[in-house]
Asker: 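Before I ask anything, here is the structure I am working with.
Remember, it's a predicted structure, so these values are computed and weren't measured experimentally.
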Amino acid sequence: MTNVTLKDIDVELNERKILNNINLELMEGKVTTIIGPNGCGKSTMLKTISRIISAKEGGVYINDMNIRQMKSKEVAKKVSILSQRNGLQYDIPVKDLVSFSRYPHLKRFQSLKPADYEIIEWALEETGAVEFKERMMSELSGGQAQRVWISLLLAQEADVLLLDEPTTFLDIHHQLETLNIVKRLNDDARQTVVMVLHDINHAIKYSDNLVIMKAGEIITTGHPNEVLTNGILNDVFNINGKISIDPITNKPILADYDLFCETVKGVKYGS
Amino acid sequence: MDRRWYPMPVILMGVFISFIAAMMFGADSYAFSDIWHVIFNLDMTLQSHQILYEIRMPRVLAALVAGFMISVSGLVLQSVTHNVLSEPSILGINAGANLAIILAALIIPAVSFAGIMVSGFIGGMAVGLVILGVTRHRSPLHLILAGAGISLFIYAITDFLVLANDMGQYVAFFTAGGVAGQSMGNLAIVVPVAILLVTGLYLMAKELDVLLFGDEMALSLGQNRALYSWLTLIIAIMLASVAVSMVGNVVFLGLLVPHIVKMIFGNMHRFTIIYSGLFGATIFALSDMLARIFNETPVNAVIAMIGLPFFIYIIKKRGGQYA
Ligand SMILES: Nc1ncnc2c1ncn2[C@@H]1O[C@H](COP(=O)(O)OP(=O)(O)O)[C@@H](O)[C@H]1O
Ligand SMILES: [Mg+2]
């Protein structure tokens, strides 16, 4: 198992403080979902965990080892990330893109071995992307492309999967399909999943743990049943949410929401 | 086997045919049987064999080797700088190598070819890095502007040195570019160097793939980006400078060939390195053949003339979609 702990992390970008005193231990083998308004630092936090961005203060520890002291390939073997914007500047066949996942496992000058190809094939099968593995990325729909990116994440064989808004730009069917794949992987392989979602009900449905962020800070964390309250929604998103209890699942559900009385461009919303 | 290797036999055949054709045709034409005999039973008492072996063969081989090197260099420069317009001459490598070679010839009048090669590399590297430094994180257009400006400046200094020291003869060849006057001796030095450098790049094909797909990809896969950017960049500049020491200021080839290859074979470097090399070798050898047939037309003009229509055809046909 891989324990990931964020200790007293401050991150600055362009001399602007983006993350402020972040402390968090990722729940091993569980699904953690980060929610918070645009620009509150969710992506920055995931990038810090995967060593794309470095913290100014504090650090990320994998099994009590600071990731700055680890070889970068070792970090990539433990933590894999699906970025928010994974638009490709260059076109590439699906199978070649997924083969990048094996990079951290290869030695210098080493190329892919049969065992690597097997893992790539397995990852493509897991997400159902295998049927278009010979196609170019540019020929795929959004949902298909997302399956390919998740295959890439899987074939990297890391214990911790970070997914930044994996459902944005997908229709509702493909959103659920993507989240179901993630959930199934988490159930089967006990991989630790941390994702950023915008849909509060998806966050409730798929997560064991919620991290609620605002303005570079973690406001609260805990089981969706405990932390989601009308007060939190009000405070974090500045919306008038109505959380009820779903009679079937006994889980909270965001039944209705609106802006507080507010005028935007002369149109009056809410009341 | 990957289907992208399937065209390989045809392409190798193409390289071979262009070698034979370039040997046969030129200012004077020879029969295929003459070429055959020169290769398999050379008789230096025959004048035709002498000409073919001592003048034409080194020239054709130099074109093949330089075409290979310049094209691979262009490919790698485009990937590492994330700039579709990168190529040795735009990056000022040609201008820098040219100046350094003139300086070397001024300081050591009887400088050896190895000396020329080393000075070419130092000059190419220096100017290439300056232009890259100035245009880092800027658009492809900035590269063109800075490259053209700085290259012109370097050529002006070179011209001044040349005029002040009465070296016109020596230099005209470099600025025009071309493979006239090659010797087997030079090739014996260049070919091993080229093999070494291209092998080095080929071993780093997967690093180049990851580099091409951007910083975030590289970081999330744990690549030592700085190390491999520098390594591949330096090797690419070496390749181009060594080629320049041999064939002077060849332009456009290093831009044209990698783009044609990427449009046909996609972006993975284990294919594009090899195919760029082979395409570049063929195009340069055939261009030089045509240059010879047409009264020693500058080879740059020929490359542009035969390359551009093909380039436009591919862009039109593929509509920018890489296969
Ligand atoms: N490279 C950068 N340089 C400077 N500021 C940045 C950079 N990337 C993001 N930011 C700023 O950091 C803040 C948090 O960004 P981000 O983590 O992407 O937010 P989220 O993912 O929660 O929407 C935003 O205010 C954004 O403008
Ligand atoms: Mg984000």
Side-chain angles (χ1 to χ4, degrees), chain A residues 43 46-54 67 70-97 99-112 116-117 134-139 149 152-153 155-156 158 161-162 164, chain B residues 1-5 75 78-84 139-140 199-228 231-232 235 258-259 261-274 318-323:
Chain A
S43 298
L46 292 192
K47 285 180 190 169
T48 310
I49 299 174
S50 61
R51 228 184 103 149
I52 293 173
I53 291 176
S54 52
I67 56 170
M70 294 170 66
K71 286 214 170 79
S72 49
K73 278 188 179 179
E74 293 306 313
V75 177
K77 282 189 209 170
K78 299 283 187 200
V79 178
S80 58
I81 182 165
L82 170 57
S83 290
Q84 182 175 357
R85 271 174 292 279
N86 42 32
L88 282 169
Q89 205 184 341
Y90 301 93
D91 207 359
I92 181 172
V94 167
K95 59 174 185 202
D96 285 332
L97 181 61
S99 76
F100 284 179
S101 61
R102 302 305 299 163
Y103 180 89
H105 299 272
L106 297 176
K107 293 199 187 66
R108 187 166 297 181
F109 306 140
Q110 196 179 35
S111 52
L112 295 173
D116 295 304
Y117 284 110
E134 299 291 338
R135 305 243 296 267
M136 301 299 290
M137 285 301 284
S138 64
E139 299 164 6
W149 286 106
L152 194 153
L153 215 61
Q156 200 172 324
L161 311 182
L162 310 178
D164 198 350
Chain B
M1 194 169 58
D2 196 295
R3 68 188 159 88
R4 283 166 287 187
W5 288 127
L75 170 80
Q78 285 161 22
S79 297
V80 179
T81 61
H82 292 119
N83 193 322
V84 291
S139 73
T199 307
L201 287 175
Y202 197 75
L203 285 173
M204 290 189 277
K206 72 166 197 273
E207 310 292 345
L208 285 163
D209 292 339
V210 173
L211 280 174
L212 178 70
F213 280 87
D215 291 356
E216 208 156 291
M217 176 78 85
L219 285 168
S220 67
L221 294 173
Q223 184 185 42
N224 186 340
R225 221 168 20 126
L227 173 70
Y228 290 108
L231 262 179
T232 50
I235 295 180
H259 279 292
V261 166
K262 283 186 272 190
M263 284 170 201
I264 301 174
F265 296 100
N267 286 304
M268 306 301 281
H269 288 83
R270 61 184 182 280
F271 305 103
T272 54
I273 290 174
I274 302 295
R318 294 277 179 182
Q321 278 281 329
Y322 289 169

Asker: When B/Leu221 is tested against each of A/Arg102, A/Gln156, A/Lys77 for side-chain contact (heavy atoms from CB on, under 4.5 Å), which residue passes?
Answerer: A/Gln156

Asker: Which one, B/Ala205, B/Gly222, B/Ala218, B/Gly214, leads in non-hydrogen pairs under 4.5 Å with chain A?
Answerer: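 The residue among B/Ala205, B/Gly222, B/Ala218, B/Gly214 with the greatest pair count is B/Gly222.
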
Asker: Just wondering, do A/Phe100 and B/Lys206 contact through their side chains at under 4.5 Å, heavy atoms?
Answerer: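 A side-chain contact is absent here, since even the closest heavy-atom pair is not under 4.5 Å.
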
Asker: Sort B/Tyr228 into side chain, backbone, both or neither according to what part of it lies under 4.5 angstrom from a heavy atom of chain A.
Answerer: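 The answer is the side chain of B/Tyr228.
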
Asker: Rounded to the nearest 0.5 Å, how far apart are CG of B/Leu227 and CZ of A/Arg108?
Answerer: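 Result: 6.0 Å between the selected atoms.
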
Asker: Please give me the minimum heavy-atom distance between A/Tyr103 and B/Val210, naming the atom from each residue.
Answerer: CD1-CG2, 3.8 Å

Asker: Which value, rounded to the nearest 0.5 Å, describes the distance between A/Leu152 atom CG and B/Ser220 atom OG?
Answerer: 8.0 Å

Asker: Between chain B and each of A/Val75, A/Ile81, A/Ile92, A/Asp96, count heavy-atom pairs under 4.5 Å; write down the option with the most.
Answerer: A/Asp96

Asker: Counting heavy-atom pairs under 4.5 Å to chain B, which of A/Gln110, A/Glu134, A/Glu74 comes out on top?
Answerer: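 Ranked by contacts with chain B, first place is A/Gln110.
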
Asker: Taking B/Glu216, B/Arg3, B/Met204 one by one, which has the highest count of heavy-atom pairs under 4.5 Å against chain A?
Answerer: B/Glu216

Asker: Return the minimal non-hydrogen interatomic distance between A/Leu88 and B/Phe213, and the atom names on each side.
Answerer: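 Nearest heavy atoms, A/Leu88 then B/Phe213: CD2-CD2, 3.5 Å.
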
Asker: Which bit of A/Ser101 comes within less than 4.5 Å of chain B, counting heavy atoms only: side chain, backbone, both or neither?
Answerer: backbone

Asker: Say you draw a straight line from CD of B/Glu207 to CG of A/Leu106; how long is it, rounded to the nearest 0.5 Å?
Answerer: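 Rounded to the nearest 0.5 Å, the CD-CG separation comes out at 9.0 Å.
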
Asker: B/Asp215: what forms a side-chain contact (heavy atoms from CB on, under 4.5 Å) with it, not counting sequence neighbours?
Answerer: B/His82, B/Arg225

Asker: With only heavy atoms counted, which part of A/Lys47 is less than 4.5 Å from chain B, the side chain, the backbone, both or neither?
Answerer: side chain

Asker: Heavy-atom cut-off 4.5 Å, strictly under: side chain, backbone, both or neither for A/Leu97 against chain B?
Answerer: side chain

Asker: Under 4.5 Å between any side-chain heavy atoms of A/Gln89 and B/Asn267, yes or no?
Answerer: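 They are not in contact (no side-chain heavy atoms under 4.5 Å apart), so the answer is no.
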
Asker: To the nearest 0.5 Å, how far apart are OG in A/Ser99 and CE in B/Met268?
Answerer: 4.5 Å

